[in-house]
Amino acid sequence: MQAQRTAAVTRNTNETQIRVAINLDGTGQQKLNTGVPFLDHMLDQIARHGLIDLEIEAHGDLHIDAHHTVEDVGITLGQAVAQAMGDKIGIRRYGHAYVPLDEALSRVVLDFSGRPGLEFHVPFTRAMIGSFDVDLTHEFFQGFVNHALITLHIDNLRGDNAHHQCETVFKAFGRALRMAAELDARAAGTIPSTKGSL
């Protein structure tokens, strides 16, 4: 039986102090405390729908706003995923998911390509979800992509409720991440790339 793919990363700056622990082969357990309740709710979607065990503790300059905290959580989570993935031998590499929530529908497609790339197309219907600035959704995923070294396409195909739009994005991301990181018995011992590396 293969050892579980885990990592723990700590990132400290003058703006934030963040610790992330992850198990890619988990069951969706989570312990989240970022100081940004809506972000915790979205990270819970990643854990539960990605079957990833996830612990995140963050302390940031929330007296200014949530920007640094949300972006830096994305960065640190990306670093943890990259470490946990290791050499990427035997993974499926590509993942995709469509997720609906009532009137909203989002599609997420990702590739553990070894190259950072983000296409983010989410026409939010309002600027704020409670006290959460929807612009920070892009900042989270940009930070993640830059440090996980993945190619990520996010498209909200329809939706009238901004909370639903955002939640479908995070749920679909969790499902796509689960698929792409999954070990493929038929590809055991191989790197899914003609280059021989990812």
Side-chain angles (χ1 to χ4, degrees), residues 1-34 36 39-40 42-60 68-97 108-118 138-154 170 172-185 187-193 195-198:
M1 184 175 180
Q2 176 155 335
Q4 291 187 319
R5 294 169 295 170
T6 63
V9 175
T10 299
R11 185 176 193 272
N12 293 317
T13 72
N14 290 335
E15 297 168 339
T16 61
Q17 298 80 49
I18 297 169
R19 181 183 180 278
V20 172
I22 191 170
N23 178 0
L24 293 175
D25 302 305
T27 60
Q29 301 300 305
Q30 50 77 27
K31 185 177 180 182
L32 307 165
N33 182 24
T34 66
V36 183
L39 178 61
D40 290 347
M42 293 301 102
L43 292 168
D44 187 17
Q45 306 307 322
I46 296 174
R48 291 177 189 273
H49 296 282
L51 292 181
I52 294 167
D53 292 345
L54 189 59
E55 291 187 20
I56 301 179
E57 182 77 23
H59 302 279
H68 297 142
T69 300
V70 174
E71 180 180 26
D72 289 3
V73 167
I75 288 170
T76 313
L77 180 59
Q79 292 171 336
V81 167
Q83 285 189 27
M85 287 296 290
D87 56 19
K88 304 177 189 172
I89 289 175
I91 65 166
R92 294 195 182 277
R93 176 177 172 176
Y94 303 102
H96 64 272
V108 173
V109 183
L110 68 84
D111 173 14
F112 276 104
S113 60
R115 300 181 304 279
L118 175 63
H138 179 274
E139 298 306 314
F140 171 86
F141 284 111
Q142 188 67 70
F144 181 89
V145 160
N146 288 347
H147 292 268
L149 300 179
I150 69 168
T151 301
L152 178 63
H153 288 247
I154 296 174
F170 277 86
F173 174 72
R175 296 286 299 189
L177 183 63
R178 173 181 167 187
M179 179 188 293
E182 191 174 44
L183 295 169
D184 183 353
T190 65
I191 294 283
S193 171
K195 296 182 180 69
S197 66
L198 287 171

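Here the rule is side chain to side chain contact (heavy atoms under 4.5 Å, CB included) with Arg93, and of Ile191, Ile150, Asp111 only Asp111 fits it. Of the residues listed (Leu152, Ile154, Leu110), the one engaging Val145 in a side chain to side chain contact (heavy atoms under 4.5 Å, CB included) is Leu152, and it is the only one.
Checked by atom type and distance alone, the side chain of Arg5 pairs as donor or acceptor with a backbone atom of Ala181 at under 3.5 Å. For Glu71 (side chain) and Glu139 (main-chain N/O), no donor-acceptor pair under 3.5 Å exists by modelled atom type. Of the possible polar contacts, none joining the Asp53 side chain to the Ile22 backbone as a donor-acceptor pair under 3.5 Å is found. Panel note: side chain Asn146, backbone Ile75; no donor-acceptor pair is recorded below 3.5 Å.
In this structure, CG on Leu39 lies 8.5 Å from CG on Leu32, to the nearest 0.5 angstrom. Atom CG of Asp44 is separated from atom NE2 of His49 by 8.0 Å, given to the nearest 0.5 angstrom. In this structure, CG in Leu43 is found 4.5 Å from CD1 in Ile56, a value given to the nearest 0.5 Å. Atom CZ of residue Phe173 and atom CZ of residue Phe141 lie 5.5 Å apart, to the nearest 0.5 angstrom. Gln83 CD to Leu24 CG: the interatomic distance, rounded to the nearest 0.5 Å, is 11.0 Å. Between atom OG1 of residue Thr34 and atom CE of residue Met42 there is a gap of 11.5 Å, rounded to the nearest 0.5 Å.
Of all heavy-atom pairs spanning Leu51 and Thr27, the tightest one is CD2-O, 3.5 Å. Annotation for Ala7 and Ala80: closest pair CB-O, 3.4 Å, computed over non-hydrogen atoms. Closest approach of Ala97 to Ala172, counting heavy atoms only: CB-O, 3.6 Å. Smallest separation of non-hydrogen atoms from Gly95 and Ala180: N-CB, 3.5 Å. Residue Met179 comes nearest to Tyr94 through the heavy atom pair CG-O, 3.8 Å, listed as atom of the first residue, atom of the second, then distance. Residues Thr69 and Gly60 share a closest heavy-atom pair of OG1-CA, 3.4 Å.
A 4.5 Å side-chain heavy-atom check between His138 and Leu118 finds at least one atom pair inside the cut-off. Inter-residue side-chain proximity for Ile52 and Arg178 is flagged as unmet; no heavy-atom pair is nearer than 4.5 Å.
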Step by step, would you call Thr10 with Ile18 a side chain to side chain contact (heavy atoms under 4.5 Å, CB included)?
CA-CA 6 Å; Thr10 299; Ile18 297 169; over 6 Å; no

Could you please spell out the steps behind the side chain to side chain contact (heavy atoms under 4.5 Å, CB included) verdict for Arg19 and Glu55?
CA-CA 8 Å; Arg19 181 183 180 278; Glu55 291 187 20; 4.1 Å; yes

Tell me, with the steps shown, if Leu54 and Leu77 meet side chain to side chain contact (heavy atoms under 4.5 Å, CB included).
CA-CA 9 Å; Leu54 189 59; Leu77 180 59; 3.7 Å; yes

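Using modelled atom types, one finds a donor on one side chain and an acceptor on the other under 3.5 Å when comparing Asn33 with Glu57.
For Asp87, the CG atom counts as densely surrounded, since its 6.0 Å shell holds more than 12 non-hydrogen atoms of other residues, nucleotides or ligands.
Ring-plane geometry between Phe170 and Phe140 is classed as tilted, the angle between the planes lying from 30 to 60 degrees on a 0 to 90 degree scale.
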